*Asks:* 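My questions will all concern the structure given below.
Predicted model, so just to flag it, every value in this text is computed and none were measured.
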Amino acid sequence: MPAPTPISNTPFPSAPNNEGSSATERKQIIDDEKNFTSDLDAQIEQWGLRQAGFSYNIVSVFGSQSTGKSTLLNRLFGTNFDVMDESRRQQTTKGIWMCRAANSNILVMDVEGTDGRERGEDQDFERKSALFSLASSEVLIVNLWEHQVGLYQGANMGLLRTVFEVNLGLFGKKALEGTSGRTLLLFVIRDHVSPAPLANLQATVTADLERIWHSLGKPAELRDHKLSDFFDLGFTSLPHKLLQPDKFEADVAQLRTRFFNKNQDGFFFKPAYHKRVPADGVSFYMQSIWEQVQSNKDLDLPTQQELLAQFRCDEISKVALSEFNEQAKSQKRPVEGGQVVEGLGAMMTTWRNEAQMKYDREASRYHQQVYKRKRADLITAMNTTLSALFVGQLRNLHKASLVAFKQQMINGVKDEKYNFANVVAEARKFCEDMFISGAKEALIEDTDWSWQEELELLKEEIQHVADQFRRDETKKMVNLIERKFKSRISDPVEMSLNKATPDMWDDVLAAFKSALTQAEETYTTKANSFNCTEEENTTSLAELRRRTWQALRAKIDEQVTEPLMLGKLRNSFEERFRYDETGVPRVWKPSDDIKSVFKGAKEETLALVPLYAKISPKDPENEYEISDDDDAGDDFDFASSKVIFSETKVHDLQTKFSRDADANYVEAERSTVAGFAQIPRWMYALLVVLGWNEAMAILFNPMYFTALLVALVTTYFIIQLGLAGPVYHIASRIFAEVWDQGVEVLRRHLTQPAMVQAEETSRSRLRNDTMTDGDVREELRTRQY
């Protein structure tokens, strides 16, 4: 070890000589509860060192309580640390304080003294504060009395041994690599009044340190390294402050120069000691060191009181926990079975309080830190058990609330005039209030339990159920709208298709669009109360349009079945063939061109079949199309749905109608034959001659004459009113029908089967246009006679 540097007698005039002179504000960076300050960085800013870069130094002091550490720092650096009242021997510095040296960029740390009666056997903070000072300072001043040199506990050798060992594990490798800097251990021997020279005191301390170093449990990679590889040792002494005050102040002033004067021999702040941390990072650097020190378990060495307290507190905690578990077990099965236990939170609080009271009553007499730590462990164990019940209760509340929500929704939608949004809102509020009330009751104070996450899951499921209800109700609404749509279009479609006019599809589609518009308006009004999204509305409207079109098509198919179509064609043909332009029934005469009328009526009627074959309005504005987005589904093709009849079906209908129309033609021809085969005119003259007497009898008989007058008057009025033609046609038609029926009856009885077959052949030839009208009439007249 190098010899101690002699102390110069030259004072340093720029440095303060009195305590508190030119001092800056001090700051407690670690309190006595081992908490690191959160605003050290702001304090460094206030000291004006934030922009200092590497141009600063850190020094700290270490030593037993009431050895004058704070006084020494105030004398050396002009700081204003609290000093001990000489009349009272008690702890002055609590925790670790820091202050900037007067007129210099030196940060000075005053560390709580060791071996104080206030902490007793609790050496945890002593170890941690010493290790923190050793790791963060460039120079660590070890302050000790002269009479403590050679003592193990008095000179804090036991504490230094623990600190050295932990320091090697935490920071030894970095110090060896030069990344964290070496440290100067400056031993300041106070009250040096004996004749023993400083060199002898230095040798004693150095030997003690070497012996401690060799006994350390070092990491494998540091086992062969020496104390000098990590630390430099410096020694100086100071006279008695009370007995030799002038000498003390002079030596302190000389020692001060080695901290402030870089040109002084033995200047303490060598570059090798600097931690190479910029001034603006000191706060974070020290905080990280303290966190490492705090988390290191090698410093936690229990005392005998602590060992006893650990043993007894464990036993007491075990008994209290056993009774607690028996109580908690009573509700474990109901909760696991899915039951919501009423008052579970109150029960759990009672169980935990009883266990805590039992533990506190018996364990509070032992070491307080151990008692508190074991109490915290007991509470943690109980909370773990109760947490399972709490989580189970939340799950059960979740399920019960969801069931209640579904029931509320079912009851709400039963009302015919319900508003879906209001039903959902009321059911949601009821469900969430039910869950929150139960969850708050089950929550225990002083725990970090939370039911918010379970509530969010419940809200998601509620939304899912509400969406499902909305989809179901939307389907019901669409079904109801579809039924009303069908009733609206039923009559207009029937009337339009029965007319069989070229513009019938315009009427059908106009009615369809009107009904569809009403349906869409009804849906939109309802959907507003359902809180449907835009996407859902688009999808539902597309489904509505598709279903209404299919309903229209179903109604059309109902009206165009084969029997109904043949009936419509037959009616249309008869209107053209049997009635004239004024709507008067035709009475066919032999001079009428029946064939031309027949062909015209037949062709016009046959032209209606292609009109029915496809939904194709004449006015383009009446066209209706379904977009590709609305045309959803593999089983629906809008383009093909507009085709009513295929070409094959059209041909089949036309063929069947032609057969019925031919029968009408034959019947008309027969009626002309019946009219032509009437009584000869000479028969009327014969009737007049033969009926002269009867006529005279009528004229001269009052009753008959009155009847004749009535008939003449009636005839006169008929003629005057222009009803002669209709009456004549009606009478002729009645007479012709009666005549035909009579002829048919006679024919069945008198005509030979061969003649019936010949007549059928003639009719067939007529259909094929192989006979003229005169031939047909001649042949029919011949057969008639």
Side-chain angles (χ1 to χ4, degrees), residues 16 19-62 65 69-74 76-83 91-114 116 118-119 122 124-141 170-171 174 180-181 183 259 269 273-296 299 448:
E19 295 182 31
S21 175
S22 302
T24 58
E25 181 184 355
R26 64 182 183 273
K27 179 69 177 179
Q28 187 179 33
I29 62 174
I30 299 176
D31 60 23
D32 53 350
E33 296 295 331
K34 308 174 188 178
N35 299 315
F36 193 90
T37 183
S38 60
D39 57 349
L40 177 58
D41 193 60
Q43 187 63 50
I44 292 175
E45 176 78 25
Q46 185 176 349
W47 287 334
L49 294 179
R50 186 170 180 82
Q51 305 300 327
F54 297 112
S55 300
Y56 74 96
N57 302 102
I58 300 178
V59 61
S60 59
V61 67
F62 168 76
Q65 180 177 306
K69 300 186 300 300
S70 300
T71 301
L72 177 61
L73 294 179
N74 291 341
L76 288 175
F77 303 104
T79 54
N80 57 358
F81 296 118
D82 290 338
V83 297
Q91 185 183 44
T92 302
T93 303
K94 295 183 179 181
I96 300 178
W97 292 75
M98 178 179 283
C99 186
R100 179 188 175 185
N103 305 322
S104 178
N105 291 351
I106 299 176
L107 295 176
V108 185
M109 288 195 300
D110 188 11
V111 183
E112 179 182 320
T114 63
E118 285 80 7
R119 293 194 181 269
D122 182 10
D124 181 68
F125 185 77
E126 295 178 3
R127 301 186 190 99
K128 293 180 178 179
S129 60
L131 179 57
F132 174 76
S133 303
L134 184 65
S136 59
S137 304
E138 301 170 45
V139 178
L140 176 63
I141 299 175
L170 291 178
F171 313 108
K174 294 181 180 179
S180 64
T183 304
F259 286 100
F269 293 119
Y273 302 150
H274 204 286
K275 305 304 179 183
R276 308 307 298 170
V277 177
D280 57 355
V282 167
S283 175
F284 180 78
Y285 174 70
M286 286 189 169
Q287 184 176 5
S288 63
I289 291 178
W290 182 248
E291 290 175 354
Q292 292 185 66
V293 171
Q294 279 280 72
S295 62
N296 190 276
L299 297 172
D448 58 351

*Asks:* Using a 6.0 Å cut-off, check whether atom CZ of Phe54 has over 12 heavy atoms from anything other than its own residue.
*Replies:*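 Atom CZ in Phe54 is crowded, with more than 12 foreign heavy atoms closer than 6.0 Å.
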*Asks:* How long is the span from the OG1 atom in Thr79 to the CG atom in Leu107, to the nearest 0.5 Å?
*Replies:*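 Those atoms lie 11.5 Å apart.
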*Asks:* Return the CD1 to CZ distance between Ile44 and Arg50, rounded to the nearest 0.5 Å.
*Replies:*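 Between atom CD1 of Ile44 and atom CZ of Arg50 there are 8.0 Å.
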*Asks:* Within a strict 4.5 Å, meaning less than it, do heavy atoms of the Ile30 and Met286 side chains meet?
*Replies:*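 The answer is no; the side chains never approach within 4.5 Å.
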*Asks:* Check whether any side-chain heavy atom of Ser104 lies under 4.5 Å from a side-chain heavy atom of Phe77, and answer yes or no.
*Replies:*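 The answer is no; the side chains never approach within 4.5 Å.
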*Asks:* Would you compute the distance between atom OG of Ser136 and atom CD of Gln287 and round it to the nearest 0.5 angstrom?
*Replies:*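 If I round to the nearest 0.5 Å, the distance is 13.0 Å.
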*Asks:* Would you confirm whether Asp110, through its side chain, and Trp97, through its main-chain N or O, come within 3.5 Å as a donor-acceptor pair?
*Replies:*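 No, the answer is negative, given that no donor and acceptor are paired below the 3.5 Å cut-off.
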*Asks:* Rounded to the nearest 0.5 Å, how far does NZ of Lys275 lie from CD1 of Ile289?
*Replies:*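 So the gap between those two atoms works out to 7.5 Å.
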*Asks:* Taking the side chain as every heavy atom from C-beta outward, state whether Val111 and Lys69 have any atom pair closer than 4.5 Å.
*Replies:*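 With C-beta onward as the side chain, the pair stays apart.
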*Asks:* Does any part of the side chain of Ile58, heavy atoms only, come nearer than 4.5 Å to the side chain of Ser137, both counted from C-beta?
*Replies:*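 A side-chain contact exists here, since the closest heavy-atom pair is under 4.5 Å.
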*Asks:* Tell me if a side-chain donor or acceptor on Trp47 pairs with a main-chain N or O of Ala101 at a distance below 3.5 Å.
*Replies:*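 Not confirmed, Trp47 side chain does not pair with Ala101 backbone.
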*Asks:* Of the non-hydrogen atoms in Gly78 and Ala102, which two are nearest, and what is the gap between them?
*Replies:*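 In this case the closest contact between Gly78 and Ala102 is O-CB, 4.0 Å.
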*Asks:* Look at the side chain of Arg26 and the backbone N and O of Cys99, then say whether any donor-acceptor pair between them is shorter than 3.5 Å.
*Replies:*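 Absent.
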*Asks:* So if I apply the side-chain contact (heavy atoms from CB on, under 4.5 Å) rule between Thr37 and each of Lys27, Gln28, Met98, which one comes out positive?
*Replies:*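 Running side-chain contact (heavy atoms from CB on, under 4.5 Å) over Lys27, Gln28, Met98 with Thr37 returns exactly one hit, Lys27.
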*Asks:* Taking the side chain as every heavy atom from C-beta outward, state whether Ile29 and Phe132 have any atom pair closer than 4.5 Å.
*Replies:*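 In contact.
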*Asks:* Using side chain to side chain contact (heavy atoms under 4.5 Å, CB included), reason through Phe259 and Ile141 one step at a time and then give a plain yes or no.
*Replies:* CA-CA 12 Å; Phe259 286 100; Ile141 299 175; 4.0 Å; yes
*Asks:* Return the NE2 to CZ distance between His274 and Phe269, rounded to the nearest 0.5 Å.
*Replies:*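 His274 NE2 to Phe269 CZ: 9.5 Å, rounded to 0.5 Å.
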*Asks:* Rounded to the nearest 0.5 Å, what separation is found between the CG atom of Leu49 and the CG atom of Asn105?
*Replies:*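 Spacing of CG (Leu49) from CG (Asn105) equals 5.0 Å.
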*Asks:* Using a 3.5 Å distance criterion without hydrogens, assess whether the side chain of Trp290 forms a donor-acceptor pair with backbone atoms of Lys34.
*Replies:*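 At least one qualifying donor-acceptor pair exists.
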